[in-house]
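Counting starts at 1 for both ligands and their atoms, in listed order.
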Amino acid sequence: MAGFPIQPARRIKSLPPYLFAAIDAVKQKALARGMDIINLGIGDPDLPTPAPIVERLKQAAADPKNHQYPSYEGLLSFRRAVAAWYKRRFGVLLDPTSEVLTLIGSKEGIGHIPLAFVDPGDVVLVPSPGYPVYPVATGFAGGVAHLMPLTKKNAFLPDLGAIPKAVAKKAKLMFLNSPNNPTSVVMSKEYFTQVVAFAQRHKIIVCHDAAYSEIYYDGRRPASFLEVEGAKEVGIEFHSLSKTFNMTGWRIGFAVGNRQVLTALGKVKSNLDSGVFQAVQEAGIVALQLDDAVTDGLRKIYQERRDVLVPGLKKLGLAVDPPPAAFYVWVAVPKGYTSASFTAHLLEKAGLLTTPGNGFGQAGEGYVRMTLCTPKERLAEAVERLARVGF
Ligand SMILES: *Cc1c(COP(=O)(O)O)cnc(C)c1O
């Protein structure tokens, strides 16, 4: 039987080219040569999920009442645990029945929210460099992403004053991300206050991605967007258990805040997915109730790693600041290099796998991203190798 040309939809064909394909080719070649590669590329915790969470999953998985479809909005007991955690961590009060929505990882909610609010041609404000899901999900809904460049000049914060009035007028949503991937920069409450005023003025729904709120250093805890006055009137916050509790494989997160926004997101979800396995939600409750000593231990490990890698890079003459939060190190490439050529140099000569900054948007050109998801001995070796090969 003759086939016919299989044609993907325009929304798929117009996806940006896979920037990492070229790196992958170089990586495969290096591996084939028998090179030992130090992975500074992945943003996925290398440490295991704390044991009490795993134990709870085992029990809950054996309970037949968890074998059926879960409720769309999530177990009330999980949403109550979220509200209790929010009160304890941020001093923010949430109604678990209307201001908390369980997600299949925060990526799921971020990916779906434009479908709830964006009509074809609507503008969505997106930080760049940034998590690629923001612009892609915008495009899938027929929206147009307006990029807000994060540059050294504006301290890697979106310059709200630089957004043209006509664009702000057409904008339906704004994505923000603090602590930030890939720059690790943290937004202050003062900054969030400006965001609320901007959103009120232009009737823009704020979607704040707080996936890294619990990965912080020197005891300086990042704020929640919802801590500032009026935030709940203009937006929601996405959270994830992935990075906080080394649970990236489990697929559980949540959104909190404005109930009308959450209702619309829930409507999209109930038509596309059927919620999170209840046994995973039961384990998620245990995670949210863990003693802070557990997450303190994880933060200590990341901080030790940061304090090996960053001073090491600095000593070699690279322009890099110690991140205040998240597990990313945003390194300016040395003179004579681009993001792509420095990434290739690091990989070919030193066996260091990093991510070129422009992979997160054109404004990331001139940087590479390194991650702290590798033991400190390997990070020390990464610095030694780089000292040997130079740049
Ligand atoms: C990892 C990450 C997420 C999503 O993680 P989930 O596992 O889907 O909860 C969201 N935002 C940013 C910026 C991330 O880096």
Rounded distance (nearest 0.5 Å) linking atom CZ of F327 with atom CD1 of I301: 13.0 Å

Side chain, backbone, both or neither: [X] near ligand 1, heavy atoms under 4.0 Å:
X: E108; result: neither
X: F238; result: neither
X: L103; result: neither
X: S242; result: side chain

Heavy atom of the protein closest to atom 15 (O) of ligand 1 (residue, atom name, distance): Y212 OH, 2.6 Å

Close N or O approach (D209, ligand 1; < 3.5 Å): yes

Within-cut-off N or O pair, R251 and ligand 1, under 3.5 Å: yes

Cation over ring face, R306 and Y217, 6.0 Å, 45°: yes

Which residues share a side-chain hydrogen bond (donor to acceptor under 3.5 Å, both in side chains) with R89, sequence neighbours left out: E214

Check: H239 and S213 side chains under 4.5 Å, non-hydrogen atoms: yes

Salt bridge (Lys or Arg N to Asp or Glu O under 4.0 Å) contacts touching residues 275-298 (sequence neighbours left out): R56-E282, R88-D292, D296-R299

